[in-house]
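Have a look at the structure below, then the notes.
Worth saying up front: this structure is predicted, and the values here are computed from it rather than measured.
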Amino acid sequence: MEDETNKKIAELAFEAAMRKRFIYPPKDTLLVTGGKRKINFTLPPEELEKIEKEDEQHQESFLRILLKSPFEEYAKDIYQALSQIRYANVEFLNESRRKEVLAHLQKELEIATALLVCKTDTNGIIISSAKKRCKLPTFLKQKIEMALESEYKDADLDSSPMTYDEAREILECDLSEDVHDFIDNYWREYAIEAGLSAEEIAGGYSYDDIDDDMIEYYRSGSYLKREITIEQIQETINELKDRIKAKQRKGAPRTNERQYSALLVFIKYGCKKKHEHLGYAYECLDHWGFIEDEIKNGWNKTNKYANIQYMKRLFDECTNYKLVIKSDTNYQMSY
């Protein structure tokens, strides 16, 4: 019995430790996908040979930059990574997800709005083209409404947050298959936070002892299916509009994704925030065209270290991100 109790305590302690690991949000990810230079292989052989020779010269001049540098050993690997970043699709993963969520919410809003139109229509549904318009027959309108209602349900738009009274009834009357599992998990968390003794933990928890805190915890984040009424659809539309508004971009879009990605490659291979390292990194980024002329033209001409100051600022900014380079063969490297 004592061994079982000690094992249970160890499991609870492990679960608590795992939860603490995720207190801080993860870094945003810069995702690099694809990256092969597009070459028109229908060009004459002499043109293709010229392109190949230019690529070889470009690589040779890049490798010369890193001769006798702290990065010489990794020069070819750095070149390959920067080559992919130069021609790849590079995006902030959180921004990409924001756009995906926004598109998904917009689609749901269109479904809900169309269903509301069908449910509230009294004069018939009109369809039109540039030159003609007609009223849909009643049976077609009914089919469209049924199809929209099916889409509405599949998207769980007929659900809304569980109320306190509903949660209490489900727990007290054991109306859901997850009730006992929920109470067991709730008891484990409570035992950890309350610092209960081994004997108290081993005593377990009564499924009949339902309190307000447990009800609120069960209700939080839980949804229930509702009857699809005009009022329910309108509430859903209002909620979707609020969520779409919350997902709209705030502030100017970030534009340094390629510079950040390229410098993160150097950081992977030991680049530190010091003059010598950033000098080499700047030359290599400039060699690949990552430093735009507009940026360089804005520097103070009398400041001979303007490029290093720029790289230091870039260094501070890019370390807020994690770099993932994914090849066409699904091979992936993290930086």
Side-chain angles (χ1 to χ4, degrees), residues 27-40 50-72 74-96 98-99 249-325 335:
K27 293 182 177 181
D28 192 0
T29 297
L30 277 159
L31 182 62
V32 180
T33 52
K36 287 187 177 180
R37 182 181 179 185
K38 293 180 174 61
I39 299 175
N40 183 2
K50 180 181 177 182
I51 292 173
E52 185 178 350
K53 187 174 182 180
E54 288 174 351
D55 287 345
E56 290 176 358
Q57 291 174 344
H58 186 270
Q59 181 172 356
E60 288 173 4
S61 58
F62 179 91
L63 298 179
R64 281 197 296 271
I65 295 173
L66 297 181
L67 276 176
K68 301 185 184 302
S69 77
F71 311 105
E72 181 177 4
Y74 313 107
K76 288 187 177 180
D77 292 331
I78 293 172
Y79 182 85
Q80 291 301 321
L82 266 57
S83 173
Q84 185 170 355
I85 292 168
R86 173 64 179 80
Y87 299 111
N89 177 50
V90 183
E91 59 185 351
F92 296 96
L93 194 57
N94 283 354
E95 174 64 9
S96 176
R98 183 190 70 82
K99 290 179 180 178
R249 174 188 288 283
K250 298 176 179 64
R254 294 170 292 184
T255 58
N256 290 335
E257 58 267 28
R258 295 188 192 276
Q259 295 97 315
Y260 290 163
S261 300
L263 188 50
L264 282 168
V265 171
F266 272 91
I267 292 173
K268 169 73 173 181
Y269 291 108
C271 180
K272 305 297 182 185
K273 188 182 173 183
K274 56 185 184 180
H275 192 116
E276 179 192 13
H277 285 196
L278 293 178
Y280 285 116
Y282 171 80
E283 287 191 58
C284 291
L285 265 64
D286 194 40
H287 184 79
W288 268 109
F290 291 127
I291 313 298
E292 299 173 358
D293 289 338
E294 184 180 353
I295 293 174
K296 292 184 284 188
N297 293 336
W299 293 340
N300 187 336
K301 304 301 181 184
T302 62
N303 183 1
K304 63 179 181 178
Y305 297 121
N307 61 332
I308 302 301
Q309 291 173 352
Y310 173 78
M311 294 300 291
K312 284 184 177 180
R313 186 169 68 252
L314 208 63
F315 189 101
D316 289 338
E317 293 171 359
C318 80
T319 49
N320 292 317
Y321 304 95
K322 175 185 176 183
L323 175 64
V324 174
I325 298 180
Y335 291 77

When every non-hydrogen atom of Ser261 is compared with those of Val32, the smallest separation belongs to OG-CG2, 4.2 Å
Search all heavy atoms of Phe62 against all heavy atoms of Cys284 and return the closest pair with its distance.
CE1-CB, 3.5 Å
Side chain to side chain donor-acceptor pair (under 3.5 Å) partners for Asn300, two or more places apart
Thr302
Sequence neighbours excluded, the answer for side chain to side chain contact (heavy atoms under 4.5 Å, CB included) partners of Tyr280 is Leu66, Ser69, Pro70, Phe71, Glu276
Where Cys318 and Leu264 come nearest, the two heavy atoms and their spacing
O-CD2, 3.5 Å
Taking CD in Glu292 as the centre, count heavy atoms belonging to other residues, nucleotides or ligands within less than 6.0 Å. Is the count above 12?
no
The side chain to side chain donor-acceptor pair (under 3.5 Å) partners of Gln80 (sequence neighbours excluded) come to none
List the residues meeting ring pair (Phe, Tyr, Trp, His ring centres under 6.0 Å) with His275, not counting sequence neighbours, and say none if there are none.
Tyr305
Kindly write out the residues that satisfy side chain to side chain contact (heavy atoms under 4.5 Å, CB included) with Leu63, not counting sequence neighbours, or none if the list is empty.
Gln59, Ala75, Lys76
Residues in side chain to side chain contact (heavy atoms under 4.5 Å, CB included) contact with His58, at least two apart in sequence or another chain:
Tyr79, His287, Trp288
Sequence neighbours excluded, every pair satisfying salt bridge (Lys or Arg N to Asp or Glu O under 4.0 Å) that has a member inside residues 53-68
Arg37-Asp55
Atom of Asp28, atom of Leu93 and distance for their closest heavy-atom approach
OD1-N, 3.6 Å
Residues two or more places apart in sequence or in another chain: which of them pass side chain to side chain donor-acceptor pair (under 3.5 Å) with Asn297?
none
Please, which pairs that meet salt bridge (Lys or Arg N to Asp or Glu O under 4.0 Å) have at least one residue in residues 307-320, sequence neighbours excluded?
Lys273-Asp316
What closest approach, in Å, do Val90 and Ile85 show between heavy atoms, and which atom pair accounts for it?
CG2-O, 3.9 Å
Considering residues at least two apart in sequence or located in another chain, which fulfil the salt bridge (charged side-chain N to carboxylate O under 4.0 Å, His left out) criterion with Lys296?
Asp286, Asp293
Arg86 meets the side chain to side chain donor-acceptor pair (under 3.5 Å) criterion, sequence neighbours left out, with none
Any residue meeting ring pair (Phe, Tyr, Trp, His ring centres under 6.0 Å) with Tyr310, in chain and number order, not counting sequence neighbours
Trp299
Contact summary for Leu278 and Ile308, nearest pair of heavy atoms
C-CD1, 4.0 Å
